[in-house]
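Order of listing sets the numbers, starting from 1, for every ligand and every atom in it.
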Amino acid sequence: MGDPRELNLKRPLLILDLDETLISASEEPPSGHHDFLCGPYFIRKRPFAGSFLAAVALSYDLAAWTSATEAYARCVAEHLFDRVSLAFLWARPRCTLRRDPCGPEEYFVKDLKKVRRAGYDLRRVLVVDDSLRALERHRGNLVQVRPFTGDPGDQELEHLAAYLIRIAGSDDFRRVEKRAWRAAAID
Ligand SMILES: [Mg+2]
């Protein structure tokens, strides 16, 4: 356990999910515009993605972690993070496959023990993800967003940037009540 004053001087780490959090991908051409292509996928950036990244990069170190393939992750990152640098870009091989105990379904979780092993203090790590299940082992580190599926009027990232900047100085993000973050952001 470090001195909390010392802890606070270190920049926190913000780990960003990709699909349905910062972008939306479809195999069919979307009815509106798309921003870029990755393999067979038409990718749309979530509204405010660029200004969100620029704003949060002032207060956080940024990383990305997706349960998609590494090639897809690299392609998306090349277009999406062209103006910010990432501490790491992790993909499916870093995720853990879980089986739903009540059914045949399998799904990926992001086990933050791997982030801790990479040298980060989990008190100062936040994950932005649309999936609660992906963070089922570390809900205290999660800021959950509504899934983005292409709505051009979506304002989630605009509000989220304000919220994340406001709490960036917390000694322990896991003790911050984050489920009502939208109301706190708009206050
Ligand atoms: Mg997602």
Verify whether one side chain among D61 and Y120 offers a donor that lies under 3.5 Å from an acceptor in the other.
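There is no such pair between these side chains.
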Specify which N/O/S atom of [X] comes nearest to the Mg ion (ligand 1), by atom name.
X	value
D19	O
D130	OD1
D17	OD2

Could you tell me how the ring of W65 sits relative to the ring of F88: parallel (under 30°), tilted (30 to 60°) or perpendicular (over 60°)?
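Perpendicular.
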From R46 CZ over to I23 CD1, what is the distance, rounded to the nearest 0.5 angstrom?
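Going from CZ on R46 over to CD1 on I23, the span is 11.0 Å.
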Within the side chain of R92, is there an N or O that forms a donor-acceptor pair under 3.5 Å with the backbone of S67?
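Checking the backbone N and O of S67 against the side chain of R92, a donor-acceptor pair under 3.5 Å is found.
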